[in-house]
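Read through the structure below, which is laid out as structure tokens, and then see the notes.
Owing to the predicted nature of the structure, the values given are computational and were not obtained by experimental measurement.
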Amino acid sequence: MPVVSAEAIVPVDPATAFAVSQTTGVVRRRWDRFISAQHFLDGADDAAKGVRTFTRQRLGFAMVSRYVSYAPPTNVGMVMERGPWFFEKLGGGWRFTEVPEGTLAVWKYNFSCRPAWLAPIAEWIGVRMLAFEIRRRLAGFVRGCSDPVVLAAIRER
């Protein structure tokens, strides 16, 4: 199963970095250009282990995912329950570790593609595309950790 990861240092403490990573709605879209829509499912109001979310990616692909870990301020993990036809499996984890400069954010995803006959080519392409998207998304996260509007929103929670 291919694994793609990216990392960056943000100039905030792990609790703040974690909180920024879990923003939703308009605040989330200020830094996360990957998504066009995202909301909790099944009546949930906040993220927690077992909570499901709906996410629509900016190009229109949609996914329902479930939190499999939720441990503020250090890590969060999810798995896809339903998503684009070409993903057999998709999972991701975001880890936040204190470093002298602030917080090291490491985002790691693993996936497999279908159908089986197409998987070798699809996964080769997928590694490159997903790596590009994750680096781009992480760069937005770095900006979000310095955005006064985003930081004010997490303080209000």
- Task: Determine whether more than 12 heavy atoms belonging to other residues, nucleotides or ligands lie under 6.0 Å from atom CG of L59.
- Result: yes
- Item | Row check, W31 ring normal vs R29 NZ/CZ: under 6.0 Å, within 45° | no
- Task: For P14 and T97, work out which heavy atoms get closest and say how close.
- Result: CG-C, 4.3 Å
- Item | Exercise: identify the closest heavy-atom pair between N110 and V3 | CB-CG2, 4.0 Å
- Query: Between Q22 and Y67, does any side-chain donor sit less than 3.5 Å from a side-chain acceptor?
  - Reply: yes
- Identify whether the distance between the nearest side-chain nitrogen and carboxylate oxygen of E133 and R58 falls below 4.0 Å. yes
- Task: Kindly state whether the ring of Y70 and the ring of F18 have centres lying under 6.0 angstrom apart.
- Result: yes
- Closest heavy-atom pair and its distance - I134, A6: CG2-CB, 3.6 Å
- Least distance between heavy atoms, W85 atom then P115 atom: CZ3-CD, 4.1 Å
- For A15 and P73, work out which heavy atoms get closest and say how close. CA-CB, 3.5 Å
- Testing R95, K108, R135 for side-chain contact (heavy atoms from CB on, under 4.5 Å) with S5, which one passes? K108
- Would F61 and F87 satisfy ring-ring contact (aromatic ring centres under 6.0 Å, His included), going step by step from the backbone distance to the final call? CA-CA 11 Å; F61 296 113; F87 280 130; 8.5 Å; no
- Message: Looking at M129, I'd like to know if its CE atom is crowded, meaning that more than 12 non-hydrogen atoms belonging to other residues, nucleotides or ligands lie closer than 6.0 Å.
- Response: no
- Is it true that atom CD of E81 has more than 12 heavy atoms of other residues, nucleotides or ligands lying nearer than 6.0 Å? yes
- Message: Is it true that, when you exclude R114 itself, more than 12 heavy atoms of the residues, nucleotides or ligands shown sit nearer than 6.0 Å to its CZ?
- Response: yes
